[in-house]
S.K.: 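I have a structure I would like to understand better, so I am pasting it below and will then ask my questions one at a time.
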2 protein chains.
Amino acid sequence: MKRKSKGLSKREQLLNTALELFARQGIHATGIDTIAEQSRVTKKTLYAHFHSKDELVLAVLRHYDGLARNEFMRHVERRGKTPQARLLAIFDVAQRWFQQNNFYGCLFINTIGEYSDADTPIRQICKEYKKLVKGYIRELCEQAGALDPNELAEELALILEGATVTAQVSQNPKTAHIAKRAAKALIDKAIPQTRSTRSAHSQ
Amino acid sequence: MKRKSKGLSKREQLLNTALELFARQGIHATGIDTIAEQSRVTKKTLYAHFHSKDELVLAVLRHYDGLARNEFMRHVERRGKTPQARLLAIFDVAQRWFQQNNFYGCLFINTIGEYSDADTPIRQICKEYKKLVKGYIRELCEQAGALDPNELAEELALILEGATVTAQVSQNPKTAHIAKRAAKALIDKAIPQTRSTRSAHSQ
DNA sequence: TATTACATATACAGATCTGTATACTTTCAA
DNA sequence: TTGAAAGTATACAGATCTGTATATGTAATA
């Protein structure tokens, strides 16, 4: 056992601190010293775990990738019981996210804004994350019986993205509401209606 | 006359260079020295025009704000002749933007990712820009006869945002196509149909 | 108990960053 | 032609950044 108090290894402490700081301040604006101090760890230890800042950045992104996707899907699945309900629940989950006081937009989006080089692995992780989220949405669309699941998933993923960015800029969580409204319209249009949804689809 | 070759004042040269570098690399990653060198201007001259980096950043954002909004509206109005056509033309204009080789996403979004402080003037400029764009879209929605112009404008602005971010991440301009498709569905739903649009709105 | 792995404290090298200072040159208008 | 405005070239101050080095302390294991 090499755990200390709070049950967090040095490595996890560093990842959490770095995640918090990167998300709030951006990556270039966050120094290694600050991360080490705030993690109550020396720079030596930090560099023992991560050989460079770039490596730390990559580790943080991968760490957050798992964390975020997992939690996102978990909440969606708890909040909606049918696939179609889950597609809408996405935006309720988003709203709760936007309301958190440590919401600074999507880390991956913000990171890509700082790294425009097309072939940096940092970009690829961000790209991959978005792809996986869209894949999850597409699964839900398939299960919900959408005529063209991929098309609907593309649209919904795009709306989620727009809601996130708009919430970040406006600092107004009601953005999620707008997104949900738009999503509902598109879902109703894309899924052959049984009695499941109560939308104003005359006839 | 204090113009030099190419008809650009030192100030304009600096603003253009800084804009290009900020957009490509991000703000924190771009040094004053680089901006000065690339503008073929000494640091002394730079600081004679802008008293600090923050001031330069603000000037660049304001400069780009005018430039971008103006060009955006100009293209939309040239490409679409009726208000409703213009609402769709937004996404054609966006597509052309995404295809440019110096497209690095929305400068304002990227900038907000680097400045999370709620009350920094930098944030306010970004926020204001988005508000003005949405205002323009709302005007078009009103002219197009939308039942609830504000609601439709919120949705379309959100979709545009989502398309921009998604194009930035995926580096695939077809995102604009997805956005246009979603927008069309929402527009058709929000505007009482005359014979103007040829959508598959059975009866 | 001795070893090994991991951590600390602290200092430093070398680069880069923002911003200023000094001294010289060009431009143009009164 | 003279004088002010604006620009150049260059150096530097002081802070901060990434990354390394040295020497010491601690905790569990063999």
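Values below: every heavy atom of this structure, side chains too, minus hydrogens, waters and symmetry copies. Since the model is a prediction, treat every value here as computed from it, not as a measurement. Letters go in sequence order (proteins before strands), and every chain restarts at 1.
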S.K.: In whole angstrom, give the distance that lies between atom CG of A:Leu46 and atom P of D:dC17.
M.R.: 14 Å

S.K.: Would you confirm whether A:Thr111, through its side chain, and A:Leu107, through its main-chain N or O, come within 3.5 Å as a donor-acceptor pair?
M.R.: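 Yes; judged by distance alone, with no hydrogens or angles, the pair exists.
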
S.K.: Let me know the distance between CD of B:Glu55 and P of C:dT18, rounded to the nearest Å.
M.R.: 15 Å

S.K.: Contacts to DNA chain C from residues 24-36 of chain A, heavy-atom cutoff under 4.0 Å, which residues?
M.R.: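 The answer is none.
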
S.K.: Under 3.5 Å, is there any donor-acceptor pair linking the side chain of B:Lys10 to the base of D:dG7?
M.R.: no

S.K.: Starting at NZ of B:Lys53 and ending at P of D:dA15, how long is that distance when rounded to a whole Å?
M.R.: 19 Å

S.K.: Can you figure out which of D:dT18, D:dT8, C:dA9 approaches the side chain of A:Lys43 most closely?
M.R.: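 The listed nucleotide nearest to A:Lys43's side chain is D:dT18.
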
S.K.: Among side-chain atoms of B:Thr17 and B:Gln38, is any donor-acceptor pair under 3.5 angstrom?
M.R.: no

S.K.: If we ignore angles and hydrogens, is there a donor and acceptor under 3.5 Å between the side chains of B:Ser39 and B:Gln13?
M.R.: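 Per modelled atom types, B:Ser39 and B:Gln13 side chains form no pair under 3.5 Å.
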
S.K.: How close or far is atom P of D:dT16 from atom CD of A:Glu37, stated in whole angstroms?
M.R.: 11 Å

S.K.: Side chains of B:Ser9 and B:Glu12: do they bring a donor and an acceptor to under 3.5 Å?
M.R.: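 Yes, B:Glu12 and B:Ser9 have a side-chain donor paired with an acceptor closer than 3.5 Å.
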
S.K.: Find the distance between CG (A:Asn150) and SG (A:Cys141) and round it off to the nearest 0.5 Å.
M.R.: 9.0 Å

S.K.: For D:dT18, does OP1 or OP2 lie under 4.0 Å from any side-chain N or O of A:His51?
M.R.: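 A:His51 to D:dT18 OP1/OP2: no side-chain N or O under 4.0 Å.
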
S.K.: What pairs of residues pass the side-chain hydrogen bond (donor to acceptor under 3.5 Å, both in side chains) test when at least one of them lies in residues 164-178 of chain A, not counting sequence neighbours?
M.R.: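 Only A:Asn110-A:Gln168, A:Lys174-B:Glu154 qualify under side-chain hydrogen bond (donor to acceptor under 3.5 Å, both in side chains).
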
S.K.: Whole angstroms only, please: what is the CG-C1' distance between B:Leu14 and D:dA6?
M.R.: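 Spelled out: CG on B:Leu14 to C1' on D:dA6 is 13 Å.
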
S.K.: Starting from C1' on C:dC6, measure out to OH on A:Tyr47 and report it in whole angstrom.
M.R.: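 Distance, rounded to whole Å: 19 Å.
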
S.K.: For D:dT10, does either OP1 or OP2 sit under 4.0 Å from a side-chain N or O belonging to B:Thr42?
M.R.: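 Result: no.
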
S.K.: Just how far, in rounded Å, is P of C:dG19 from NE2 of B:His49?
M.R.: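 The distance from NE2 of B:His49 to P of C:dG19 comes to 16 Å, rounded to the nearest Å.
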
S.K.: To the side chain of A:Ser52, which of D:dT8, C:dT18, D:dG19 is closest?
M.R.: D:dG19

S.K.: In chain order, what residues pass the side-chain hydrogen bond (donor to acceptor under 3.5 Å, both in side chains) check against A:His75, with sequence neighbours excluded?
M.R.: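 Partners of A:His75 under the side-chain hydrogen bond (donor to acceptor under 3.5 Å, both in side chains) test: none.
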
S.K.: Can you measure B:Asp54 atom CG to C:dG19 atom P for me and round it to whole angstrom units?
M.R.: 7 Å

S.K.: Give the nucleotide from the list D:dG7, C:dT8, D:dA9 with an atom nearest to the side chain of B:Lys44.
M.R.: D:dA9

